[in-house]
There are 2 protein chains.
Amino acid sequence: MDRAEKLSINDVARLAGVSKKTVSRVINNEPNVSPKMLKKVQSVIDEYNYTPSPQARALSLRRSFLLSIVHDNPNASYVTEAMYGALEICRPAGYELIMHPCDFSKPNAIDRIIRFASHLKIDGVILLPPVSESVELTSRLKEIGCNFVRLLSTKSEDEVHMIYHNDGAAVNRIVSHLVELGHREIALIRGPENSQAANQRFAAFRSALKNKGLELPKNRVALGGNTFQSGIECAEWLLMSKHRPTAIFASNDEMAIGAIVTAQKMGLKIPAELTVVGFDDSPQASRMWPALTTANLHVREMTELAAQKLIAQCSGDIDAAAQVRVEVEPTFVQRQTTDVPATSAENA
Amino acid sequence: MDRAEKLSINDVARLAGVSKKTVSRVINNEPNVSPKMLKKVQSVIDEYNYTPSPQARALSLRRSFLLSIVHDNPNASYVTEAMYGALEICRPAGYELIMHPCDFSKPNAIDRIIRFASHLKIDGVILLPPVSESVELTSRLKEIGCNFVRLLSTKSEDEVHMIYHNDGAAVNRIVSHLVELGHREIALIRGPENSQAANQRFAAFRSALKNKGLELPKNRVALGGNTFQSGIECAEWLLMSKHRPTAIFASNDEMAIGAIVTAQKMGLKIPAELTVVGFDDSPQASRMWPALTTANLHVREMTELAAQKLIAQCSGDIDAAAQVRVEVEPTFVQRQTTDVPATSAENA
DNA sequence: GCTCAAATTGACCCCGGTGTCAATTTTTCG
DNA sequence: CGAAAAATTGACACCGGGGTCAATTTGAGC
């Protein structure tokens, strides 16, 4: 059915014996086209399987039909989920998706993102954490008139679109679970200090413990970098201590898995001798033994929402300009790393 | 430095007091521009940070400056590696990358890919296995005049561009390793029968065993689907047998990890009681305990090559039309799942 | 059947680039 | 110095769409 030569609106117009403007009206479902014309044009379109050139439309309409996900990627699965979520929405809407990884720690990172967006006239950008936490970036994006939605870890007080998972609630749920299992000596492997998400999870964790009447001494908090390797190092440090914790909560799965590997190397049985909880529900969490208890953040759904919002906004939806502020409740996923009640854990 | 309003070639021409054609010459580094003009135009370009509109160029040049990776994704890490490899090349060359996942088992999958490529006038497509194995797809792509390079698991006799990892060599290396460790009862978890890659790994495995004077009875070959879950099921079947194997080779990491999880659930110690080898060197292979012995396929390098080739071809490089047929040697990566010499493994 | 308003259609220009080719300027050289 | 050749520059059309507005057709009302 496809011809090798892609034909243009002019070809279609000629074949149908009408002006190109009429063809344009038909493809765009504009009103005021007589049924006769419509049928004539539509049949040519169908026969030759004509689709209008995205580049030409982009040039004429000053929009690109391009959405982009901008991310600084320590966490591949988060990004992958986001990608599939966005694609789910983009495809049927006639939008394409461009993934834009970056190294956000570089000094000119924001410049590069801005140049990228304005160069391609990207219609909308979905910002993933930690890129989404930058106020400078969002204000620069506003400056150039680029739509964006932020995916965040926690509600922010800004006035700009955001979709966030309620980390606090998830952390509470996790702490309750650990306490119910009888744990009292719970350590934290937290994320980097320049990450809002990490700071907020840390705060939520500490206050959750406090509510349970538990302490969080300094030697029970290890500072990680959200990476597997840092999980290993933090766990070594935590588990070497004289009175080692009976449970570790890592503020992402990567680090939790690093901790588990460390524990296993040391010969500790999980969960019997050490209980571990992560945060993310990455694919690996369910593909290991024992499988990791964690929190699923519904990144995919969040990104679908973000893409919908952006596309609606581009299409000039009346109320699409309204501020977006959606909260998504993470789901607690219990697996084998928290399968066994705490033991007294008297160790050397 | 960036103005909110992106200016066009006409603006630059006006500001520099020259014709737009001259500006065009400068941006494209065309010869026959006097130094005086060049300086005048360049300074305006620099001052206003002008970049030509990709959409307009696309329309005029009939190319999109878009590359795409088309894949049917059972294996997220393979795809991710490919993505980063391609981006590495695309970015500096001024190309953008569009990821195009698809469900290749659907009847109209090829139509959709063709429509995608011709609609967006994609300049070049990188096909990942198993999509890359389809002769119909490659011939359709040729029909519409779309450049492509295939990433394959093994050399193919076709006349079309391919970059492949020499699976046979890697499988040999793995088998030698297992035999050196003293294993004689080696089982295979193979991939699906409609996958050339899987069939070839199977064949390579069997002939490697044969060379070592070893048998591969039917009850030592489990048919998996390249997924974690199928790895679990295959391992259950293999390990339930009366005389269970001392080593399992899975033809991808996903299934190998499924096998490991199964063994661990059954209480088998790895590698002491069961040795396991995978194939892919996925991120998880090195993020578990014991870490998985496997083969690294250098997907990233392969994809970089593919992207380079495609871009060269688009740019009208004289010898870029030449057929590409690159072999990449996988690297054997020994980790803890093959750390211990085979024991006699006398089991119930 | 006629008038006037409403609906339909199309001519023409623009979007922001590039290619062609003619016009202009600079060089070369007798 | 003058003519021809070479180098440089720009006018204009085109890529494939959409917007504007005038021209044409259709329909309503009498």
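Just so it is clear: chains get the letters A, B, ... in the order the sequence lines come, proteins before strands, and each one is counted from 1.
The distance from atom CG of B:Asn32 to atom P of C:dT20 is 14 Å, rounded to the nearest whole Å.
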For a quick test of your reading: what N or O donor-acceptor pairs under 3.5 Å do the side chains of residues 20-27 of chain B make, sequence neighbours left out?
| from | atom 1 | to | atom 2 | distance (Å) |
| --- | --- | --- | --- | --- |
| B:Thr22 | OG1 | B:Ser19 | OG | 3.2 |

Hey, can you pull the donor-acceptor pairs under 3.5 Å for the side chains in residues 121-134 of chain B, sequence neighbours left out?
| from | atom 1 | to | atom 2 | distance (Å) |
| --- | --- | --- | --- | --- |
| B:Asp123 | OD1 | B:Ser64 | N | 3.1 |
| B:Asp123 | OD2 | B:Ser64 | N | 3.3 |
| B:Asp123 | OD2 | B:Phe65 | N | 2.6 |
| B:Ser132 | OG | B:Leu151 | O | 2.7 |
| B:Glu133 | OE1 | B:Gln196 | N | 3.0 |
| B:Glu133 | OE2 | B:Gln196 | N | 3.4 |
| B:Glu133 | OE2 | B:Ala197 | N | 3.1 |
| B:Ser134 | OG | B:Glu136 | N | 3.4 |
| B:Ser134 | OG | B:Leu137 | N | 2.9 |

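Contact of the B:Phe116 side chain with the B:Ile98 side chain is registered, since non-hydrogen atoms from C-beta on lie closer than 4.5 Å.
Remark: A:Arg91 engages no residue in a salt bridge (Lys or Arg N to Asp or Glu O under 4.0 Å) (not counting sequence neighbours). Applying the salt bridge (Lys or Arg N to Asp or Glu O under 4.0 Å) rule to B:Arg63 yields no partners; only residues at least two apart in sequence or on another chain are considered.
A stem is defined here as three or more consecutive Watson-Crick or G-U pairs, each with both distances under 3.5 Å; for DNA chain D these stems are C:1-30 with D:1-30.
Side-chain N/O atoms of B:Asn108 and B:Arg115 include no donor and acceptor closer than 3.5 Å. Using modelled atom types, one finds a donor on one side chain and an acceptor on the other under 3.5 Å when comparing B:Lys6 with B:Thr51.
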Under a 4.0 Å heavy-atom criterion, the protein footprint on nucleotides 13-28 of chain D, written with B, S and -, is --BBBBBB--------
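Across all non-hydrogen atoms, the minimal contact from A:Ala82 to A:Thr303 is O-CG2, 3.2 Å.
Here B:Ser34 does not reach the OP1 or OP2 of D:dA7: none of its side-chain N or O atoms lies under 4.0 Å away.
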